[in-house]
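The structure under discussion appears below in the form of C-alpha cells.
First the proteins, then the strands, lettered A, B, ... as listed; each starts at 1.
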Amino acid sequence: MLEIKALHASINGNEILKGLNLTVKPGEVHAIMGPNGAGKSTLASVLAGKEDYEVTSGEIVFDGKDLLELSVEERAREGVFLAFQYPVEIPGVSNVNFLKTAMNEIREHRGLPALSAKEFLSLVKEKSALVELDATLASRAVNEGFSGGEKKRNEIFQMAMLEPKLAVLDETDSGLDIDALRIVAQGVNTLKTSDNATLVITHYQRLLDYIVPDYVHVLFDGKIVKTGGKELALELEEKGYDWIKS
Amino acid sequence: MSENLVAFEHQLGKTSLSLPELLTQEAKEGIARQASFPTTRDEPWKYTRLARVAGLSVTPIAFNGAPTLLNGMETIDVIFEKGTWSCSTDVEGLTLQSANAISPEAWQACTTKGHVQHLNTLTAQGGVGITVAAGMSIQQPIRIIHRCSGERFALVLHHQIKVEDRAQVRIELIFEGEADQAYSNVLTDFFVGKEAQVHVDKWQNTQGNHYGFYNERIYQDRHSTFRMQTLTTNTHFTRNDVEVFSQGEAAHTQLYGAFFGRGQQLIDNHTYVHHMAPHGTSDENYKGVLWDKATGVFNGKVKVYQDAQKINAYQSNKNLLLSSAASMNAKPELEIYADDVKCSHGSTTGQLDAQALFYLQARGISKAKATEMLVGAFCAEVFEAVQSEYIQTAIAEQLTS
Ligand SMILES: Nc1ncnc2c1ncn2[C@@H]1O[C@H](COP(=O)(O)OP(=O)(O)O)[C@@H](O)[C@H]1O
Ligand SMILES: [Mg+2]
C-alpha cells in the first residue's frame, strides 16, 4: 500500500529526512518511535503534502500512484489521513460544515453521490459516539476552544467519518490522560480492517499497550535505524534512545 | 446633453433639476464655491485618485415617476431604473414621496461640508422621501433598488428617510446593473427619532467601469439605534462616506462592512462618527478581502465632543490580502475632547492562515473551496449582522462561484 524509498526531505534548507525507507501493507499497524526532533512529524507532513517541506530525492508510492505528484487534497481523497499532532483551530468554520464539505468532495472523487443531510447526521451521531465526543462539539467551530483531549478525539472522529486507507497518527497520545488514551485507541482499533493500514507515531511506549503494532520502527536523525516487533517498544522504554545511538 | 463632469458640476441652475431649486440662491453660490472633485492632497482623499472620474463625459439621468399603491407585497420596493422611478405601498404609517416634496428647511439643514456631497446637492436628479410615522413598526423591508445599466450616464440622487420617534424600519439600499464609463453619486439622509430603530443593509454590486460615490448622513436622536451593513462586491470604484451625528443622549450606532476587491478595483470606506451627547455607543466592524491588484481603504474617524461623557466607541478593521499585489490602507482617527470615555480601535492586515488552509486541504477540500470557507469565516460577523435574505443569498452565491 505504501512504499517509501530513500526519502530525503528538507525544510528551509535543513535536511531532516536523510534516506528513509518504509513499506506498509494493507491490514498492518506500524509504530514509528524516536526522540524529539528525529523527524517524525516531518515524515507525517511530507506524506500529507505540506508545501513547506521540500523532497530532494527518493520516492513515495501509495496504492500504485506517485504520491509526491499529488496535491494535498488529492492525497486525502485517495485515502491518506493525517491526525495532526497540533490540530488547527479554525474560528468561523463549523465542524459539521467542514466535515460535510470534506466528505462530499472525497465521495465525489470516488464516484459516490453526496450524502443527504439525514445520512450525514446519523453518521455524525454514530462516529462521535465511537470516540465519546460530545455531540455538541460537532456544531462548534473547528477545534476552537476544544481541550487538548477533545482536539485529539476530534481527529479520530474525522478519521472515522472519512474512512481512509492509510491513517497517520502523529503523537495522538500526547496530552491525553489514561481514559482518553483508551477511548482514542479503542476508536482506532474499531476502525481497523484488513484493507486499511495505520502508522502510529509516538515517543512513548504507553499508546502501544492499547494499539498493538505489527512492526515497531525507530526513527533517529532522519532515518529508520531499527525495526522489530512490538517487544522493541518495551525494550526502548527500558533502555532509552541512547541505546540505539550507541 | 453630454457634459464633462467638471463642467457638469458648474452648470448650476441650467438643468431641469428640481431638487436644488429648493435652495436659496445664496446657499447655491456658497455650495458652488466648494463643489469640485477633491485631489489626493485633500486628507480624506489621500488614497483615492479622482482624475479619471473628473474626466468622464456623462449624461445625467433625470427621474420621473410617482408612488403607486399596491396591496400585500412582501417587500416595499422603490426602484430607480432608466429614468423612471416607481414604488408601491399602502402600508399604514409609511409615506413615500418624491424627495422634491421635502421641505427646504430639512433640505438645507443637511448640507454639510464635503466636496462630493456638494456636487450631489448641486446636481441631484431625484430621490425618494420616506417617512415612518411615530410609533409605527413597518413589517416589510423597504428596498431602494438602483439598477445602474448602460454607459456614460450620471446617476445623482438624494434620498431622505425620516423615522419618527419610537418607529422601527428595515431598509435595503441596493446598487446593481452593468455599466460603462458611468458615475453615480447617491446621498441618503437618515433622520432617526427618539427611541427609533433603523436597520440598513446596503449592497453595492455594480459591474463594469462604474465610479460610485455613496454618502449616508445619519442624524440620531436620543435612545435611538441605527445599524448599517455596507457590502461591496464586484465594483470598479467605490467610495463610501458614512457620517453619523449622534446628537441625542444614549444613542447606539452600529456600522459594519465587508468589501471584496478583485482585478484593479478600488474600494474606499470612510466613516465619521460624531459623538455629540453623553452615554452614546458606537460599534464599527469592517472586513476587507482583496485579490489580484485590488486596493482597499478604511478610514474610521471618531470625534467625541467635550460634553459627550461616558461614550463607548469601538472600532475594528481587519483585512485579508490574497495576493502580494493587493494593497490596503487603514487609518483610524480619534479626536477626543471629553475625559470620561472608552474608545478602542484596532486594525490588522494579513494573509490567509496557511495552517488552517493546510488542515482543510488535508481533509480533501480543494484549495479554492478551502479559501472560500476561510474568507466566509473571516467575514462571518458582518454577514450575520445582515438581515436581508436577498443580499445574504446573493453574496453567498457570488463567493462560491
Ligand atoms: N520550520 C523549520 N525550519 C527549520 N527546521 C525545522 C522547522 N520545523 C522543524 N524543524 C526541525 O526539524 C527537525 C525535525 O522536527 P520534527 O519532524 O517535528 O521532529 P519530531 O516530530 O520527531 O519531534 C527538528 O530538528 C526541528 O527543529
Ligand atoms: Mg512531532
Within a reach of under 6.0 Å around [atom1] of [X], are more than 12 heavy atoms found that belong to other residues, nucleotides or ligands?
X	atom1	value
A/Lys151	NZ	yes
A/Glu15	CD	yes
B/Lys293	NZ	no
B/Gln351	CD	no
A/Glu51	CD	no
B/Tyr272	OH	yes
A/Tyr86	OH	no

- Task: Determine, using ring centers only, whether B/Phe358 and A/Phe84 are less than 6.0 Å apart.
- Result: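 Under 6.0 Å, so yes.
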- Message: Return the OH to CD distance between B/Tyr359 and A/Glu155, rounded to the nearest 0.5 Å.
- Response: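 CD of A/Glu155 is found 3.5 Å from OH of B/Tyr359.
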- Roughly how far apart are B/Asp353 CG and A/Glu89 CD, rounded to 0.5 Å? 10.5 Å
- Message: Using side-chain contact (heavy atoms from CB on, under 4.5 Å), reason through A/Thr101 and B/Met373 one step at a time and then give a plain yes or no.
- Response: CA-CA 10 Å; A/Thr101 308; B/Met373 288 170 82; 4.1 Å; yes
- Task: Heavy-atom pairs under 4.5 Å with chain B are the metric here; pick the option from A/Ile90, A/Leu162, A/Val142 that has the most.
- Result: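 So the answer, after comparing A/Ile90, A/Leu162, A/Val142, is A/Ile90.
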Can you say whether [X] sits under 4.5 Å from chain B via the side chain, the backbone, both, or neither, judging by heavy atoms?
X	result
A/Pro164	neither
A/Glu78	neither
A/Asn143	side chain

- Message: Would the distance check show the side chain of A/Glu105 and the main-chain N or O of B/Ser366 forming a donor-acceptor pair, the cut-off being under 3.5 Å?
- Response: yes
- Which of the residues B/Arg363, B/Gln361, B/Lys369, B/Gln355 is involved in the greatest number of heavy-atom pairs with chain A at under 4.5 angstrom?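 The answer is B/Arg363.
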Closest contact, heavy atoms only, [X] versus [Y]:
X	Y	answer
B/Ala377	A/Val93	CB-CG2, 3.7 Å
A/Ala76	B/Ala362	CB-O, 3.3 Å
A/Phe98	B/Leu360	CD1-CD2, 3.3 Å

